[in-house]
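Working notes for the structure below.
As the structure lists them, so they are numbered: ligands from 1, and atoms in each ligand from 1. Since we're looking at a predicted model, the values are computed, not measured. We're numbering straight along the sequence, starting at 1.
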Amino acid sequence: MAANTIELNRSRQDFAGIESIWLFGYGSLIYKVDFPFLEQRPARIEGWARRFWQGSHDHRGTPEAPGRVVTLIEQPGSICKGMAFRVSPTVFEHLDHREKDGYLRFTTTLTFDDGRQEQGLVYIATEDNEAFMGHAPEADIARQIAAAAGPSGRNDEYLRKLAEALRHLGDDDPHVFMIESLLPC
Ligand code: BEZ
């Protein structure tokens with residue numbers, strides 16, 4: 001799949017007649033909320049694990065020295081905590097551009113802290129996209145993140161902000177916190 005997913009996302013869902021839709025954020029969407037929203041609630045999705053397995057050539061790295069950012073990997077029994085935003089479909093024009101390096105919008109079931117469930121959308125970079133890097137030992141991922149920077153800033157800043165936001169949500173994500181602990185001070 002081509003790295004630039006803007007066109008692919010435009011035709012993935014039909015928003016005709018829809019005033020608002022839930023969007024699940026599990027990465028930078030949790031702490032970089034540069035889009036309007038109608039409502040915001042902590043939520044989780046089931047069967048998915050957050051992993052630093054997606055390369056970043058346009059935000060937190062460069063084509064020559066890519067960084068790593070999070071995507072979701074299907075994993076039965078796993079729970080991924082994040083933040084849900086109820087948004088107008090018009091925000092996807094901005095977000096599709098912001099997250100164009102391999103992320104596609106998928107429909108998912110969100111569960112809120114009170115147990116209520118809603119259908120929503122989530123951006124996932126699947127392993128068939130050109131920027132996908134996949135599994136590596138967490139120490140190697142930490143070394144790569146420590147060395148990478150791109151137009152949106154340093155890759156270690158992305159990781160630290162995400163870890164901080166997850167602590168705020170009361171999440172315990174061993175993968176994220178382990179990589180954070182392996183960063184040089
Ligand atoms: C998110 O925070 O949900 C997100 C992560 C990567 C790309 C797009 C969205």
**Message:** Taking atom CD as the centre, does E127 end up with more than 12 heavy-atom neighbours from other residues, nucleotides or ligands that are less than 6.0 angstrom away?
**Reply:** no
**Request:** May I ask whether M178 and L169 are part of the same hydrophobic cluster, defined by side-chain heavy atoms of I, L, V, M, F, W, Y residues being less than 4.5 angstrom apart, directly or through others?
**Result:**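 They do not share one cluster, since no chain of ILVMFWY contacts under 4.5 Å joins M178 to L169.
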Starting from the N and O atoms of ligand 1, collect every protein N/O partner closer than 3.5 Å and put each pair on its own line with the distance to 0.1 Å.
{"from": "ligand 1", "atom 1": "2 (O)", "to": "Y26", "atom 2": "N", "distance (Å)": "3.3"}
{"from": "ligand 1", "atom 1": "2 (O)", "to": "G27", "atom 2": "N", "distance (Å)": "2.6"}
{"from": "ligand 1", "atom 1": "2 (O)", "to": "S28", "atom 2": "N", "distance (Å)": "3.2"}
{"from": "ligand 1", "atom 1": "2 (O)", "to": "L29", "atom 2": "N", "distance (Å)": "2.9"}
{"from": "ligand 1", "atom 1": "3 (O)", "to": "Y26", "atom 2": "N", "distance (Å)": "2.9"}

**Prompt:** Considering the options R50, R44, K81, which one meets the side-chain hydrogen bond (donor to acceptor under 3.5 Å, both in side chains) requirement together with D171?
**Reply:**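 In the set R50, R44, K81, the residue that makes a side-chain hydrogen bond (donor to acceptor under 3.5 Å, both in side chains) with D171 is R50.
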Going by atom type alone, with no hydrogens or angles, which donor-acceptor pairs under 3.5 Å involve a side-chain atom of residues 23-31 and a protein atom two or more places apart or on another chain?
{"from": "Y26", "atom 1": "OH", "to": "Y123", "atom 2": "O", "distance (Å)": "2.6"}
{"from": "S28", "atom 1": "OG", "to": "R98", "atom 2": "NH2", "distance (Å)": "3.0"}

**Prompt:** Is there a donor-acceptor contact under 3.5 Å linking the side chains of N155 and Q144?
**Reply:** no
**Asked** Side chains of T109 and Q119: do they bring a donor and an acceptor to under 3.5 Å?
**Response** yes
